[in-house]
Amino acid sequence: MTNYLEQLNQSQLSAVKQVDGPLMVIAGPGSGKTRVLTYRIAHLIKSGTDAFNILALTFTNKAAKEMRNRIETIVESSEARNLWMGTFHGVFSRMLRIEAEKINYTSNFTIYDTTDSKSLIKSIIKEMGLDKDIYKVGLIQNRISGLKNNFITPKDYENSPELVQTDTIAKRTAFGNIYQKYNQRCFKSGAMDFDDLLLNTYHLLNEFPDILYKYQNKFQYILVDEYQDTNHVQYLIIKKLAALNENICVVGDDAQSIYSFRGANIQNILNFKVDYPDFKTFKLEQNYRSTSNIVNLANSLIIHNKKQIEKQVWTKNQEGEKTIVCKTLNDNEEGRIVANTIFELHHKENVHWKDYAVLYRTNAQSRALEESLRKKNIPYKIYGGLSFYARKEVKDMLAYFRMCINPKDEEALKRIINYPTRGLGATTLQKLIIASNNHDVSIWEVISNLEKYELKINKGTVEKLSQFTTLISSYMVQKDNLDAYTLAEQIVKTSGVFYDLYNDKTVEGVSRFENLQELLNGIKDFSEKEEEENNTLEYFMQDVALLTDADNEKEDDYNKVILMTIHAAKGLEFPYVFVVGLEENLFPSMMAMEGREGLEEERRLFYVAITRAEKRLFLSYALSRFKWGQYTDCKPSRFLEELNKIFTKQSEIALTQKKKNRNPYQIFAKTKTPKKKSNFIPKNLKRVSATNATVTPTKTEHLQVGLKVKHSRFGSGKILKIEGEDANKKAIIFFEAVGQKMLLLKFAKLEIEK
DNA sequence: GTATTATCTAAGTCT
DNA sequence: TAGATAATAC
């Protein structure tokens, strides 16, 4: 591909060829932004820049991967593998592993995901004896994250009367203390949370001039995608790295900024001209993605935002169909109409399943859609929500892996010390945590040297703990000799997790077992693909915490209807797009409507949703939606009013479908009552056992094998065997209703039946 | 210490 | 509605 530059339009070409100096590209949706970045990097390599000297920051791992492949085909070599390209978190965790010692970490540090962070905060709140209704884990975690992103350390916090006062008013006076403890505990565990990855990168560059210089020299060219969604820390990191060469190219679109909740700051775009006064700027305004009806519709929406950089997005594409706006009775009907429309288009116009995307504001909305698609046998894949790596069974297994790489990892230890159950419960764990806090060492250090820390733990427990440490240590010694798969397989089998999941034959149990196998398959692929020195479990684990569903795509996912939040759809495009749930308080979200800023961000989010569509767009809202356990009335979103009606059409589908849905089946299905029944039975039982409690317990000496007995809950049964002495006397009894049970006679209230 | 059951409570977007 | 926690039974 020698004439690669010929594939670009005039403004794209200018942006690609302007290689030196600061450059800002403002790119409307579908204007070939990714194309510019890709070709620009390819052009740099082709013109003799070493790929090792290029840093490219993308918004997702997937985007990085695709871009890398694309570059490889353009430059016709595997040179692209040497690029430092990935997300902020991915690229800088790599840098931090290399330079870890400088900031008193080791290169095997763990990355805590949000679940880990919350779990840690929860234990801190508990240890401090605080009221968990006042100190809500989610809120605390959010606040800590926010402070970190604004460079506010626990000390800064204590020194700031305004910040402290906010929490005093909310009666959370211990917040500063929690924040401080949280940081200490992360550090003690050799762990960084998502915010630390960025924060520590900044500290590394700020406090070690030699390291800063090293990377400034290394990264002669820096490119940043989705610049409008970078936060303050990210902005400062880039600014530092680019300060020497000033060969920095940022690409973004202020109209697509949708991550301010994560600290993203549109101001970064505006600051660009202040930081680099001799910057050049290009605007990409021609849209190649969508029909003119869609482009115009999007434009008619976004003009309602006051704050924006002036630009005119236009297209040469054909007019296309009008966008259909569909009113539905409720969320179920909305799902049904989406499914039916997909089904019809698939059969009438031969549209592939993968060409459809259903986008929504909140993950919870996927349920109704899922149900309707399943009823029609339409293959679909949900992205986001609970990601594969966030599933309990997967996290448990990963916790074993984490422990053998970094045994200080407290959250990993807490997950597995008693999974599968080995008699090390909450009480023991609490003692361990207290000891580790008192001596300022990790829990692993405590359980590895129990005698040193003089714990009040009985002998049996000491033995169990020692078995646990031996088990983990046996994995640790092997981690460098075995490839990831061999070690992982061994851990799965010898830890007892395999056995535990294999024996669970419930529907959920089987699915958990399958997920475990899927995880192992992934590790197997990794072991086989990577070169020998890089195929260890440690290497596999390095960025698992940073992976999302999109990075875990399987082959059979290829041709499926895609369901995702609008946030997750950023940067993607699909021929047929459904945006559902356009209702007040849902989209725009209730929480975002307090100020103009929030509302404008919601509007940009809708703008992003609309502009994902290439050929056709369907918008829908429901008059009633199942929320908070009951149906709530909904009003159509104000955003629908703002759209220019020239480009839309009210749906007739909705009206015809509504009639079809007047079928008794649906109504009956909704008025099911098993819930009440199941609530009723246990109450009844409780009453029975309560009356029985007044009966004096049977004297155990009268019980013998062969006797017929009656149990308050299990009914009539026959004693098969009696074992143990006095207080530990147990009986195996065969009950007519529930089968064989072993009961401790001390507790079981048995009556002898004649 | 563990497993089961009852009760409570919260419900946003992501690395 | 579902996930988390408290209460209960053994």
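First the proteins, then the strands, lettered A, B, ... as listed; each starts at 1.
A donor-acceptor pair under 3.5 Å is formed between the side chain of Gln234(A) and the backbone N or O of Asn231(A).
As judged by a 4.0 angstrom heavy-atom cut-off over every strand, Asp195(A) is placed among residues making no nucleic acid contact. Contacts of Ser589(A) with the nucleic acid, taken as non-hydrogen atoms under 4.0 Å apart, include base atoms. Counting any heavy atom pair closer than 4.0 Å across all strands shown, Phe59(A) reaches no nucleic acid atom. Looking at heavy-atom distances under 4.0 Å, Lys118(A) makes no contact with the nucleic acid at all. Contact annotation for Lys464(A): no contact, since no heavy-atom pair falls under 4.0 Å across all strands. Using a 4.0 Å heavy-atom distance criterion, Lys627(A) is classed as making no nucleic acid contact. At the heavy-atom level, Gln234(A) lies nowhere under 4.0 Å from the strands shown.
Comparing the same atom, P, in dT13(B) and in dA4(C) gives a spacing of 16 Å after rounding to whole Å.
Rounded to an integer number of Å, the gap from CG of Leu605(A) to C1' of dC14(B) is 12 Å. Here the P atom of nucleotide dC14(B) and the CG atom of Leu572(A) are 13 Å apart, to the nearest Å. Look at CG on Leu424(A): it is 9 Å from P on dG1(B), rounded to the nearest Å. Atom CD of Glu226(A) and atom P of dT15(B) are 12 Å apart (whole Å). Atom CD in Gln141(A) sits about 14 Å away from atom P in dC14(B), given to the nearest Å. Atoms CG (Leu359(A)) and P (dC14(B)) sit 12 Å apart, rounded to a whole Å. In this structure, the CD atom of Glu601(A) is 12 Å from the C1' atom of dC14(B), given to the nearest Å. The distance between atom CE of Met564(A) and atom P of dT13(B), rounded to the nearest whole Å, is 14 Å.
The side chain of Lys136(A) places an N or O atom within less than 4.0 Å of a non-bridging phosphate oxygen (OP1 or OP2) of dA10(B). Side-chain N/O atoms of Arg367(A) include one lying less than 4.0 angstrom from OP1 or OP2 on dA2(C). In this structure, Thr427(A) reaches the dG1(B) phosphate: one of its side-chain N or O atoms is under 4.0 Å from OP1 or OP2. For dT15(B), neither phosphate oxygen OP1 nor OP2 lies less than 4.0 angstrom from any side-chain nitrogen or oxygen of Thr60(A). Between Asn363(A) and dC14(B) there is a side-chain polar atom (N or O) within less than 4.0 angstrom of OP1 or OP2. Listed pair Thr114(A) / dC14(B) fails the phosphate criterion, with no side-chain N or O lying under 4.0 Å from OP1 or OP2.
Classification of Arg625(A) and Glu583(A) as a salt-bridged pair holds, one side-chain N sitting under 4.0 Å from a carboxylate O. Ion pair Asp229(A)/Arg262(A) not flagged as a salt bridge, since none of the NZ, NE, NH1 or NH2 atoms sits closer than 4.0 Å to an Asp/Glu carboxylate oxygen. Look at Lys395(A) and Asp116(A) and you find a salt bridge, because one of the NZ, NE, NH1 or NH2 atoms lies within 4.0 Å of a carboxylate O, short of that distance.
Side-chain proximity of Thr548(A) to dA6(C), dT15(B), dT13(B): nearest is dT15(B). Of all nucleotides listed (dA4(C), dT2(B), dT15(B)), dT15(B) comes nearest to the side chain of Phe194(A). Of the candidates dT1(C), dC14(B), dG12(B), dT1(C) carries the atom nearest the Phe626(A) side chain, counting heavy atoms from C-beta on. Checked against dG12(B), dT15(B), dG1(B), the side chain of Arg262(A) finds its nearest nucleotide in dT15(B). Checking dG12(B), dC14(B), dT5(C) against every side-chain atom of Lys132(A), the shortest atom distance belongs to dT5(C). Across dG12(B), dT15(B), dT1(C), the shortest atom-to-atom separation from the side chain of Thr87(A) is found for dT15(B). Taking the side chain of His89(A) as heavy atoms from C-beta on, and the options dT15(B), dT1(C), dT13(B), the nearest nucleotide is dT15(B).
Looking only at side-chain heavy atoms (C-beta outward), Arg415(A) and Lys392(A) come within less than 4.5 Å of each other.
In summary, the aromatic rings of Tyr202(A) and Phe151(A) are positioned with their centroids under 6.0 Å apart.
Applying the 3.5 Å distance criterion, the base of dG12(B) shares no donor-acceptor pair with the side chain of Gln365(A).
The aromatic ring of Phe88(A) is not stacked on the base of dT15(B), since the criterion of ring centres less than 5.5 Å apart with planes inclined by under 30° is not met.
Between Tyr235(A) and His232(A), the two ring planes are parallel [angle under 30°; tilted spans 30° to 60°].
A residue-by-residue look at Asp133(A) and Thr421(A) shows that Thr421(A) has its nearest nucleotide of DNA chain B further toward the 5' end.
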